[in-house]
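All figures in this text were calculated on a predicted structure; none of them were measured in a lab. Heavy-atom basis, side chains included; hydrogens, waters and symmetry copies ignored.
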Amino acid sequence: MKQILNSSLLLTKTTFSLLLFTVFLFSCRTAELAVDNDLKNETEIYSVKGRQGSQIGQVISFGDFKTSKVKRGWTFGYSIPFIVKFNGAKEKISFQQFGANGTSAEVALVSRFKETEYQPLEDFFAVSLHYKNYFAGSVKLNNDSQPWDFVVHNVDGANRSMTKNKTVGFIQSGKTRVDIAGIRELEGSSSFITQNDVYGYEFQLDGKVIGAVSTINNGKVWFKKNISDELRLVLASVSSGLILRNNVEEEALSLK
């Protein structure tokens, strides 16, 4: 009887130790964005370099893509109507986005708009925006006279609530539009726990997922292999901006 009791106690201790070890491993594991299943095949996945550390002379790179030194605040002019309209935003980022085969784009991004800019923002994108937490910008390819403008509203997600407010937006040039959706799930974590935060963004063209960007940890980027080089450069530009914006917000919070 005593031997059975000892064996039972040993089994209980072993099980409990294994459970603690599993919890420890899970807590130490680097969080990964839960991307759509369509991005798990025929997709290029890039780890991001340059996100952490000093913002002075900061350069973001992943795969064949690399930014120039990022500028906080615009110190040079743009021939992009978008920039003229929203020069009063409190947070401004600009850089050149370089891609493969010598391609490049001029990128200008704004967030933390002034109250007087909310209506012009809605007018510019011809949409009704229900939130005041916007992130927007313009991407001008070096071989194209028409820029790609984009906007993401409710960019940080909902406050702590159960409403699951959506983070949505789009990138548009002429008749081509790429929709943006916030991703609120992490691999291996319950959506009940993660639903109130945005960990990355998904890009959709004609209802199909063509890419994503993670804004947690060092960052990560996914692009489907069948998209055009031009669209790839545009998505890279917006991805770099979304990765950089996260650092800007952290800096703003630290100054309060």
Side-chain angles (χ1 to χ4, degrees), residues 44 46-113 121 124 134-152 155-156 169-173 178 180 200-201 203 211-223 227 229-252:
E44 296 171 345
Y46 307 116
S47 296
V48 176
K49 297 179 181 178
R51 183 167 187 245
Q52 308 294 348
S54 174
Q55 293 182 353
I56 299 175
Q58 186 177 18
V59 172
I60 295 290
S61 64
F62 49 90
D64 294 330
F65 303 98
K66 185 176 183 179
T67 70
S68 64
K69 290 183 179 180
V70 176
K71 297 181 180 180
R72 310 286 173 173
W74 298 324
T75 57
F76 51 91
Y78 280 87
S79 58
I80 305 176
F82 176 89
I83 304 309
V84 177
K85 286 180 176 290
F86 306 108
N87 191 48
K90 294 179 181 179
E91 298 289 355
K92 294 175 282 192
I93 310 170
S94 61
F95 56 87
Q96 280 186 289
Q97 179 72 62
F98 302 107
N101 304 317
T103 58
S104 66
E106 299 282 353
V107 186
L109 316 165
V110 285
S111 61
R112 299 174 65 196
F113 291 88
L121 186 69
F124 185 87
Y134 306 127
F135 179 60
S138 197
V139 179
K140 189 175 186 300
L141 306 184
N142 61 357
N143 60 351
D144 194 348
S145 59
Q146 184 173 14
W148 291 72
D149 297 315
F150 72 90
V151 63
V152 183
V155 66
D156 290 315
F170 58 85
I171 317 166
Q172 188 166 322
S173 179
V178 177
I180 302 174
Y201 306 87
F203 303 114
V213 55
S214 171
T215 54
I216 56 174
N217 304 317
N218 291 325
K220 188 175 287 188
V221 178
W222 293 256
F223 290 155
I227 61 177
D229 291 342
E230 177 180 309
L231 186 54
R232 191 182 300 268
L233 181 59
V234 172
L235 295 183
S237 301
V238 176
S239 295
S240 294
L242 288 166
I243 291 168
L244 287 164
R245 176 198 171 275
N246 190 272
N247 279 352
V248 169
E249 290 297 314
E250 289 174 359
E251 180 184 34

Is any side-chain heavy atom of Y201 less than 4.5 Å from a side-chain heavy atom of V238? no
Name of the residue among D149, V151, V152 meeting side-chain contact (heavy atoms from CB on, under 4.5 Å) with F170: V151
Please report the closest heavy-atom contact between G219 and R51, naming both atoms and the distance. N-CD, 4.4 Å
Identify the two heavy atoms, one from L242 and one from F203, that lie closest to each other, and give their separation to 0.1 Å. CD1-CZ, 4.4 Å
Scan for salt bridge (charged side-chain N to carboxylate O under 4.0 Å, His left out) pairs involving residues 230-244, sequence neighbours excluded, and state none if there are none. E44-R232
Shortest non-hydrogen contact from F95 to S237? CZ-O, 3.8 Å
Quick one: NZ on K71 to CD1 on I93, what's the gap to the nearest 0.5 Å? 14.0 Å
So do L231 and W148 actually touch side chain to side chain, heavy atoms under 4.5 Å? yes
In Å, rounded to the nearest 0.5 Å, how long is the span from CZ of F135 to CG of L244? 8.0 Å
Could you report the tightest heavy-atom contact between Q97 and S240, atom names first, then the distance? OE1-OG, 2.7 Å
Close side-chain approach of K49 to N218, heavy-atom, < 4.5 Å: no
Okay, side chain of Q58, backbone of G50: is any donor-acceptor separation there less than 3.5 Å? yes
Run the side-chain contact (heavy atoms from CB on, under 4.5 Å) test against V221 and tell me which residues pass, sequence neighbours left out. Y46, V48, F62, V213, F223, S239, I243
Less than 4.5 Å apart, any side-chain heavy atom of F98 and any of S61? no
Report yes if the side chains of D229 and T103 come closer than 4.5 Å at any heavy-atom pair, otherwise no. no
List the atom of T67, the atom of V59, and the distance in Å for their closest heavy-atom pair. O-CG1, 3.2 Å
Only counting residues at least two apart or in another chain, list the ones meeting side-chain hydrogen bond (donor to acceptor under 3.5 Å, both in side chains) with Q96. E106
Where P147 and S173 come nearest, the two heavy atoms and their spacing: O-OG, 3.4 Å
